[in-house]
K.L.:
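Below you'll find the structure I mean.
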Amino acid sequence: QVQLVESGGGLVQTGGSLRLSCAASPSIYRIHTMAWFRQPPGKQRELVAAMSNEGSTTYANTVKGRFTISRDNAKNTVYLQMDSLKFEDTAVYYCNAVDNIMSVKPLRSWGQGTRVTVSS
């Protein structure tokens, strides 16, 4: 079963922008807080941002001010707008449902993710 599908990754230059999308099944999206995670090459997966269905958000310090998480309830889709991209943003990005924006514990299995590569 595929309940979370990430898309929108690609190759961009430093300082560029990219918007990632995560299409979720209604059973997941309409109830849970949604989050973005990323795994840089050779490093462990880390939280990027999360947003509850009430609109509360949290961001990793490394992306705060540059990334914006949003939700489109009509499309059951979570977005991650990434601006002022840096080389260290290079990673495979994953979305998932989490328990809340405080503990952000993943609730579903990890999908394939979408790769973001920032040059220089």
Side-chain angles (χ1 to χ4, degrees):
Q1 291 182 310
V2 179
Q3 297 180 305
L4 298 167
V5 181
E6 302 95 340
S7 63
L11 175 64
V12 298
Q13 294 184 341
T14 298
S17 298
L18 204 61
R19 189 180 75 163
L20 306 183
S21 298
C22 173
S25 64
S27 61
I28 296 176
Y29 181 90
R30 297 187 183 280
I31 297 177
H32 300 292
T33 293
M34 300 298 295
W36 284 97
F37 297 81
R38 69 184 182 185
Q39 185 170 23
K43 303 178 70 174
Q44 294 185 329
R45 185 182 291 109
E46 62 185 21
L47 174 72
V48 176
M51 186 174 188
S52 72
N53 51 13
E54 292 87 13
S56 298
T57 60
T58 187
Y59 295 90
N61 290 332
T62 52
V63 307
K64 193 172 184 178
R66 299 188 298 117
F67 290 10
T68 303
I69 187 171
S70 62
R71 302 177 65 156
D72 186 333
N73 295 335
K75 297 181 178 180
N76 297 312
T77 300
V78 184
Y79 300 98
L80 184 67
Q81 178 65 44
M82 305 183 294
D83 299 318
S84 301
L85 284 164
K86 305 175 180 179
F87 174 76
E88 51 264 41
D89 293 320
T90 296
V92 176
Y93 285 71
Y94 303 87
C95 66
N96 210 327
V98 296
D99 52 353
N100 57 69
I101 64 171
M102 298 299 292
S103 64
V104 291
K105 180 181 179 180
L107 299 178
R108 302 292 179 179
S109 60
W110 300 106
Q112 294 182 328
T114 184
R115 182 176 296 277
V116 172
T117 302
V118 184
S119 62
S120 74

K.L.:
Taking all non-hydrogen atoms of both residues into account, name the closest pair between E6 and G113 and its distance.
P.N.:
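It is OE1-N, 3.2 Å.
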K.L.:
Ignoring hydrogens, what is the shortest heavy-atom contact between S17 and S84? Give both atom names and the distance.
P.N.:
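Reported closest heavy-atom pair: OG-N, 4.4 Å.
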K.L.:
With a 3.5 Å distance limit and no angle check, can you tell me whether T114 reaches the backbone of G9 through a side-chain donor-acceptor pair?
P.N.:
yes
K.L.:
Any heavy-atom pair between the side chains of Q3 and S109 that's under 4.5 Å?
P.N.:
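No - every pair of side-chain heavy atoms lies 4.5 Å or more apart.
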K.L.:
Could you pull out the closest heavy-atom pair between P26 and N76, with the gap in Å?
P.N.:
CG-ND2, 3.4 Å
K.L.:
With clusters defined by side-chain heavy atoms of hydrophobic residues (ILVMFWY) lying less than 4.5 Å apart, directly or transitively, does V92 cluster with V98?
P.N.:
yes
K.L.:
Within 45 degrees of the axis of the six-membered ring of Y94 and under 6.0 Å from its centre: does R38 put its NZ or CZ there?
P.N.:
no
K.L.:
For a side-chain hydrogen bond (donor to acceptor under 3.5 Å, both in side chains) check, start with the C-alpha distance between S52 and E54, then their side-chain angles and the critical distance, and finish with the verdict.
P.N.:
CA-CA 5 Å; S52 72; E54 292 87 13; 3.3 Å; yes
K.L.:
Side chains of N100 and T33 only: does a donor on one sit below 3.5 Å from an acceptor on the other?
P.N.:
no
K.L.:
Regarding S21 and T77, is there a side-chain donor-to-acceptor distance under 3.5 Å anywhere?
P.N.:
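Side-chain D/A pair, S21 to T77: absent.
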K.L.:
Counting only heavy atoms from other residues, nucleotides and ligands, does the tally under 6.0 Å from CD of E46 exceed 12?
P.N.:
yes
K.L.:
Report yes if some heavy atom in the side chain of L107 is under 4.5 Å from a heavy atom in the side chain of H32; otherwise report no.
P.N.:
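In short, these two side chains touch, coming nearer than 4.5 Å.
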K.L.:
In the hydrophobic cluster built from side-chain contacts under 4.5 Å, what are the other members alongside V48?
P.N.:
L4, V12, L18, L20, I28, Y29, M34, W36, M51, Y59, V63, F67, I69, V78, L80, M82, L85, Y93, V116, V118
K.L.:
Using modelled atom types only, decide if a donor and an acceptor are shared between the side chain of T90 and the backbone of E88 within a distance under 3.5 Å.
P.N.:
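Not confirmed, T90 side chain does not pair with E88 backbone.
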K.L.:
For R108, check salt bridge (charged side-chain N to carboxylate O under 4.0 Å, His left out) against everything at least two apart and list the hits.
P.N.:
none
K.L.:
Using the disulfide (SG to SG under 2.5 Å) rule, collect all pairs that involve residues 5-111, keeping only residues at least two apart or in two chains.
P.N.:
C22-C95
